[in-house]
Amino acid sequence: MQQVLIIGGGAAGLMAAVSAAQYGAQVTLLEKMKDVGRKLLITGKGRCNLTNNCDIPELVKNMTGNGSFLYSAFHAFTNQDVVDFFNQAGLPTKVERGGRVFPVSDQAKDVISIFTKELSKLQVNVKTNQTVKKLIIEDGRAVGVITTEAQYRADAIIITTGGASYPGTGSSGDGYRLAQAAGHTIVPLKPSLVPLEVAEEWITELQGLSLKNVTATVLSAGKKAAEEFGEMLFTHYGLSGPIILSLSKKVSELFAAAPDQEVTIAINLKPALSTETLDKRLQRDFAKFTRKQLKNSLHELLPAKLIPVVIDLSFIDPDKFVHQITKEERMRLLTILQHLTFTISQTRPVAEAIVTAGGVSTKEIDARTMESKLIPGLFFAGEVIDIDGYTGGFNLQAAFSTGYVAGRSAAGS
């Protein structure tokens with residue numbers, strides 16, 4: 001019977017363990033924390049966005065970091081396979097806006113329970129509090145590991161240690177160190193899906209405000225570098241929320257290419273309206289509230305927290321009566337409504353990123369099996385590989401697909 005050793009009990013590691021055991025291997029799962037699946041517990045704001053129900057080309061498109069590497073894995077273990085796995089194991093799922101798939105219970109802990117039950121049923125040996133210090137490589141082949149507690153031998157080893165984000169969950173970059181020591185290239189790490197810090201101190205006035213149906217545009221040297229439409233959130237240090245997280249990788253790339261360049265982000269608060277249409281809307285509101293002060297006339301157009309900020313940036317006296325507003329002042333107001341601009345000072349640290357970009361080079365991994373092209377018997381799955389994507393279930397699908405393929409391949413290697 002093939003002996004398979006898995007390092008890391010996150011999404012990819014758990015699926016790899018299930019897969020390898022299903023294909024007849026005797027599996028041992030080593031996890032450095034005292035329990036498995038810690039990062040899974042916080043995904044999707046604790047609801048666990050399992051996958052996305054789009055087609056495979058769309059899955060690949062939404063994995064912006066080396067998506068094409070995942071074609072084979074996505075076909076081998078599809079998003080429908082993920083749904084079927086959880087449904088058949090006793091966890092019903094539902095599809096929400098944007099194709100996001102969640103447990104009906106909205107509880108990430110139920111996902112962990114399913115894996116725990118399956119691992120027990122398949123007689124997977126789960127060993128926690130085990131930090132792997134070194135791979136054992138003999139005659140050019142991976143044959144075991146040395147942990148802080150013991151030495152383990154195996155026919156195949158799968159590294160599924162995750163990225164370098166949320167180190168409190170166990171994802172502290174151990175896999176990169178192990179892979180590099182084995183001769184693998186590590187593509188430099190960058191935060192992906194991470195909030196952005198801004199230079200404007202008045203951002204604190206907007207803290208906690210969430211906006212829907214806005215467009216955010218990243219600008220470098222005044223030229224559009226990326227754009228997203230949807231929801232966002234203001235924080236005490238800057239910007240967050242789905243569209244900001246999606247744009248953050250481009251921001252990271254821009255800073256990596258030229259650290260001293262100015263990168264800005266412009267928010268169009270009313271993207272559905274042209275400048276002309278928005279001006280007409282403003283004039284209608286002004287006609288309606290003609291005898292009110294400006295600060296009391298925009299409540300039908302903007303959230304309360306935004307009103308003083310927008311007026312201030314438009315350089316208009318908030319106490320000025322609406323019927324006294326000049327056309328020039330109205331044009332300034334229009335400009336801010338369509339170009340509320342912030343200067344990005346930096347991304348938040350990689351430790352706070354939902355996903356880490358970079359990792360073990362895909363050029364050194366067989367996309368059909370997830371086996372190392374350098375060290376026979378060594379496999380990789382999940383975020384430790386240089387793959388990353390947008391929010392919406394895509395990164396977890398990549399973890400599950402690569403984990404499944406690595407487990408199956410290791411069981412039969």
Side-chain angles (χ1 to χ4, degrees), residues 195-244 247-248 251 254 261-346:
L196 302 175
E197 294 186 15
V198 304
E200 287 74 15
E201 294 181 1
W202 49 263
I203 191 74
T204 54
E205 297 173 36
L206 301 177
Q207 180 180 348
L209 176 63
S210 178
L211 299 178
K212 294 183 179 180
N213 303 320
V214 297
T215 297
T217 305
V218 173
L219 300 159
S220 171
K223 293 182 179 178
K224 183 165 80 171
E227 189 172 271
E228 290 286 336
F229 170 82
E231 299 177 29
M232 64 166 290
L233 172 72
F234 294 100
T235 68
H236 67 283
Y237 53 76
L239 312 172
S240 189
I243 61 173
I244 300 302
L247 290 168
S248 64
V251 173
L254 289 170
Q261 70 173 304
E262 182 175 270
V263 179
T264 59
I265 192 162
I267 312 299
N268 186 342
L269 299 169
K270 300 293 175 181
L273 304 178
S274 66
T275 303
E276 183 183 4
T277 305
L278 183 56
D279 186 30
K280 288 178 180 176
R281 165 70 196 274
L282 261 183
Q283 291 185 62
R284 282 199 305 273
D285 283 1
F286 283 1
K288 185 176 180 180
F289 303 115
T290 184
R291 297 200 175 275
K292 287 193 172 186
Q293 293 171 308
L294 181 60
K295 65 183 180 184
N296 298 321
S297 69
L298 299 174
H299 60 277
E300 292 186 3
L301 189 67
L302 294 170
K305 273 190 176 182
L306 261 179
I307 292 173
V309 169
V310 167
I311 292 175
D312 186 53
L313 293 173
S314 304
F315 300 106
I316 307 174
D317 180 356
D319 295 321
K320 194 171 186 177
F321 286 92
V322 168
H323 67 272
Q324 297 176 324
I325 301 294
T326 65
K327 182 179 179 180
E328 182 185 350
E329 289 172 327
R330 195 177 77 244
M331 290 300 108
R332 291 204 301 267
L333 194 61
L334 274 174
T335 299
I336 298 302
L337 290 172
Q338 295 187 310
H339 302 90
L340 181 60
T341 302
F342 299 89
T343 304
I344 307 301
S345 52
Q346 61 184 6

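Keep in mind the model is a prediction, meaning the values are calculated, not measured.
Side-chain contact between Leu233 and Leu239: absent, with no pair of heavy atoms (C-beta onward) separated by less than 4.5 Å. Inter-residue side-chain proximity for Arg281 and Asp285 is flagged as met; some heavy-atom pair is nearer than 4.5 Å. Residues Leu294 and Phe286 form a side-chain contact, since some pair of their non-hydrogen atoms from C-beta on lies under 4.5 Å apart. Within the 4.5 Å cutoff, the side chain of Gln293 has heavy atoms near those of the Phe321 side chain. Between Leu196 and Phe342, every side-chain heavy-atom pair lies at or beyond the 4.5 Å cut-off. Within the 4.5 Å cutoff, side-chain heavy atoms of Leu301 are placed close to those of Lys270. Contact of the Asn296 side chain with the Phe289 side chain is not registered, since no non-hydrogen atoms from C-beta on lie closer than 4.5 Å. A heavy-atom distance below 4.5 Å is not found between the side chains of Thr217 and Thr264.
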**Request:** Show your reasoning for whether side-chain contact (heavy atoms from CB on, under 4.5 Å) applies to Glu197 and Ile344.
**Result:** CA-CA 6 Å; Glu197 294 186 15; Ile344 307 301; over 6 Å; no

**Item:** side-chain contact (heavy atoms from CB on, under 4.5 Å) evaluation trace for Trp202 with Leu313
**Value:** CA-CA 11 Å; Trp202 49 263; Leu313 293 173; 3.7 Å; yes

**Request:** Check step by step if side-chain contact (heavy atoms from CB on, under 4.5 Å) holds for Lys280 and Glu276.
**Result:** CA-CA 6 Å; Lys280 288 178 180 176; Glu276 183 183 4; 3.8 Å; yes

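Summarising the geometry of Leu273 relative to Gln338, their closest heavy-atom pair is O-NE2, 3.4 Å, with the distance given to 0.1 Å. Between Leu247 and Glu227 the shortest heavy-atom distance is CD2-N, 3.7 Å.
A donor-acceptor contact closer than 3.5 angstrom links the side chains of Gln261 and Ser220.
Around atom CD of Glu300, more than 12 heavy atoms belonging to other residues, nucleotides or ligands sit under 6.0 Å away.
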